[in-house]
Amino acid sequence: RCVYSSVSEGCAVLNSLRFRQHEAPTDILGVLKSVTELINDESAVPVEDVQISWLGDAIHAAIGSYEIVANVTHSDKKRRCYATLVQVHDTNECVTSGQWRHKCHPPAECIN
């Protein structure tokens, strides 16, 4: 169930963006890119400019759900408001690969 704040009242609701913690945007530019791609995928009119805001903590790959409100100017010069949720799910550092993988030395055991 999606519950949006009064900030997004009257905005078109987009699909949620879902990320594993190690793949989630870690800064405002990453969030902006993901939201812009989502709007372009779901809108018939290309995006020209996007301004985003959200309530709560900064994302920075923190686990949780974050409401994003995007005020968009499309190529037809019409302004529209969109709302979506960015959902960041836990990465199991014991089984993932790359820099997020925990490397425990024996006799230690990795516990997520």
Checklist line | Shortest non-hydrogen contact from V50 toward A70 | finding: CG1-CB, 4.1 Å
Item checked: Heavy-atom neighbours of K103 NZ exceed 12 at 6.0 Å -> yes
Next item on the list: Would you please name every residue forming a side-chain hydrogen bond (donor to acceptor under 3.5 Å, both in side chains) with T73, sequence neighbours left out?
Entry: R79
Next item on the list: Measure the shortest side-chain to side-chain distance between H74 and S43 over non-hydrogen atoms and say whether it is less than 4.5 angstrom.
Entry: yes
Next item on the list: For E42, enumerate each residue passing the side chain to side chain contact (heavy atoms under 4.5 Å, CB included) test, keeping only those at least two apart in sequence or located in another chain.
Entry: L14, N15, L38
Item checked: Spacing of N40 atom CG and S75 atom OG [to the nearest 0.5 Å] -> 9.0 Å
Note to self: The test is side chain to side chain contact (heavy atoms under 4.5 Å, CB included); show your working for Y66 and L85 and say whether it passes.
What the structure shows: CA-CA 5 Å; Y66 305 90; L85 288 178; over 6 Å; no
Note to self: For Q21 versus D90, what's the shortest heavy-atom pair and its separation?
What the structure shows: OE1-OD1, 3.4 Å
Checklist line | Pairwise distance CG(N71) to SG(C11) - rounded to 0.5 angstrom | finding: 6.5 Å
Notebook entry, point to check: Is there a side-chain contact between I39 and V72 (heavy atoms, below 4.5 Å)?
Noted result: yes
Check: side-chain hydrogen bond (donor to acceptor under 3.5 Å, both in side chains) with E48: which residues, sequence neighbours excluded?
Finding: K77
Item checked: side chain to side chain contact (heavy atoms under 4.5 Å, CB included) involving D41 - partner list, sequence neighbours excluded -> none
Notebook entry, point to check: Would you say F19 and V86 make side-chain contact, with heavy atoms under 4.5 Å?
Noted result: yes
Margin query: Applying salt bridge (charged side-chain N to carboxylate O under 4.0 Å, His left out), can you list everything that pairs with D76, at least two apart in sequence or on another chain?
Written below: R80
Item checked: Interatomic spacing from CD in E67 to OG in S16 - rounded to 0.5 Å -> 10.5 Å
Notebook entry, point to check: Any salt bridge (charged side-chain N to carboxylate O under 4.0 Å, His left out) pairs touching residues 13-23, not counting sequence neighbours?
Noted result: none
Notebook entry, point to check: If you look at every heavy atom in G30 and P25, which pair is closest and at what distance?
Noted result: C-CB, 3.6 Å
Check: Are any non-hydrogen side-chain atoms of T84 and V13 less than 4.5 angstrom apart?
Finding: no
